[in-house]
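Count residues from 1 along the sequence. As the structure is a prediction and not an experimental result, all values here were calculated from the model.
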Amino acid sequence: LWPWLLASSGLSALLQLVTLPFFPDSPSYLLIQKGNEEACRKAIRKLWGEGDHQAEIDDIMKEKGAMASTKTLRVLEVIKERSLRWQLYILMTVMTTLQLCGINAIYFYSFEVFHTAKFEEYLIPYVSLGVGLCECLSSILCSTLIDRFGRKVLLWGGYLLMCSVLALLTMTLSLQHRFFWMHYFSVILIFLFVVFYGIGP
């Protein structure tokens, strides 16, 4: 079943490959990059139907003017630019914490935790699939929460909850040989960690 499950991701790529030639080019790409206003109008008509789309074309022209006045910086120039220093620090911090937050360790050791929790051998892959599904659903939930609470609240809240869950998970894994129910608590904590990861970072 797993080889078929992995191969199924190729179906969406194949569907894209077949249908992509029939989609129109982006109007902004045609006007800004190619400088072809007629092709831009044609693409707009294909996307939005017949009608007066001059306002959209004017917006694209304003965007083109704004881009022309903006200087493209090289990597070293971005690092040296003092006005971008804080944004660079924040970006590096977020990316570093994302890599070191523990999600890879959770995925790596979850099989062992499920095995220790006395799950049947044939059920463990499906429980692992449930963990991945949890992450997918929590990411969808995040897209609705981000407008209400903002990125900062979700990031701080997500990391805070993930730290709490990891502390509890460390405790339950240490005590799993003393209390039989600790195995199941560890499984619940793994699911919670993945949910908080999907909602936060």
Side-chain angles (χ1 to χ4, degrees), residues 1-17 73 75-76 78-79 84-201:
L1 185 63
W2 283 106
W4 288 105
L5 192 63
L6 286 170
S8 65
S9 61
L11 288 174
S12 59
L14 185 64
L15 185 67
Q16 271 192 335
L17 191 67
L73 298 175
V75 176
L76 282 175
V78 170
I79 293 169
L84 300 174
R85 196 70 49 84
W86 275 108
Q87 292 92 320
L88 195 61
Y89 289 154
I90 291 167
L91 186 66
M92 286 170 65
T93 305
V94 169
M95 289 297 108
T96 304
T97 51
L98 193 60
Q99 291 301 314
L100 301 175
C101 70
I103 189 69
N104 294 326
I106 289 289
Y107 276 124
F108 186 78
Y109 288 110
S110 62
F111 188 89
E112 189 180 322
V113 172
F114 297 149
H115 187 74
T116 313
K118 303 291 189 296
F119 278 99
E120 295 289 337
E121 199 72 36
Y122 73 94
L123 281 176
I124 291 175
Y126 296 105
V127 180
S128 298
L129 187 65
V131 172
L133 191 62
C134 254
E135 184 180 351
C136 182
L137 292 174
S138 59
S139 299
I140 293 167
L141 178 65
C142 174
S143 63
T144 59
L145 293 176
I146 202 163
D147 290 330
R148 178 179 286 185
F149 298 108
R151 285 190 179 94
K152 190 187 285 188
V153 172
L154 289 182
L155 272 174
W156 278 107
Y159 280 125
L160 186 66
L161 290 168
M162 284 163 62
C163 284
S164 306
V165 168
L166 280 180
L168 284 171
L169 187 60
T170 304
M171 192 172 65
T172 57
L173 290 175
S174 302
L175 298 171
Q176 65 184 353
H177 300 296
R178 293 189 182 184
F179 307 100
F180 74 95
W181 50 269
M182 279 291 179
H183 305 302
Y184 304 107
F185 195 41
S186 299
V187 172
I188 292 166
L189 288 173
I190 284 174
F191 275 90
L192 280 175
F193 182 87
V194 170
V195 167
F196 295 146
Y197 173 79
I199 291 173

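Across all their heavy atoms, Gly198 and Ser138 have their closest contact at CA-OG, 3.3 Å. The heavy-atom pair separating Val165 from Leu189 by the smallest distance is CG1-O, 3.3 Å.
Applying the side-chain hydrogen bond (donor to acceptor under 3.5 Å, both in side chains) rule to pairs touching residues 84-103 yields Thr97-Tyr159, sequence neighbours excluded. Every pair tested for side-chain hydrogen bond (donor to acceptor under 3.5 Å, both in side chains) that includes a residue from residues 187-201 fails, sequence neighbours excluded, so the list is empty.
Phe179 pairs by the side chain to side chain contact (heavy atoms under 4.5 Å, CB included) definition with Leu175, Trp181, Met182, not counting sequence neighbours. Here Thr172 pairs with Ser186 under the side-chain hydrogen bond (donor to acceptor under 3.5 Å, both in side chains) rule; sequence neighbours left out. For Val131, the side chain to side chain contact (heavy atoms under 4.5 Å, CB included) partners two or more places apart in sequence, or in a different chain, are Tyr107, Phe114, Ile190, Phe191, Val194.
Here the NZ-CD1 distance, from Lys152 to Ile90, works out to 8.0 Å after rounding to the nearest 0.5 Å. Between the CE atom of Met171 and the CZ atom of Phe185 there is a distance of 6.5 Å, given to the nearest 0.5 Å. How far CG of Leu137 is from CD1 of Ile199: 10.5 Å, rounded to the nearest 0.5 Å. The NE2 atom of His183 sits 10.0 Å away from atom CG of Leu173, with the distance rounded to the nearest 0.5 Å. Within the model, atoms CG of Leu155 and CG of Leu160 stand 12.0 Å from one another, a figure rounded to the nearest 0.5 Å. Taking CG of Leu192 as the start and CG of Leu169 as the end, the distance is 10.5 Å to the nearest 0.5 Å.
Taking the side chain as every heavy atom from C-beta outward, Ile103 and Phe193 approach each other to under 4.5 Å.
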* To do: Take Leu166 and Ile106 through the test side-chain contact (heavy atoms from CB on, under 4.5 Å) and record every step on the way to the result.
  => CA-CA 9 Å; Leu166 280 180; Ile106 289 289; 4.1 Å; yes

Just list the side-chain donor-acceptor pairs under 3.5 Å for residues 139-150, sequence neighbours left out, or say none.
unit_1 : atom_1 : unit_2 : atom_2 : d
Ser139 : OG     : Glu135 : O      : 2.9
Ser143 : OG     : Ile140 : O      : 2.5
Thr144 : OG1    : Leu141 : O      : 2.6

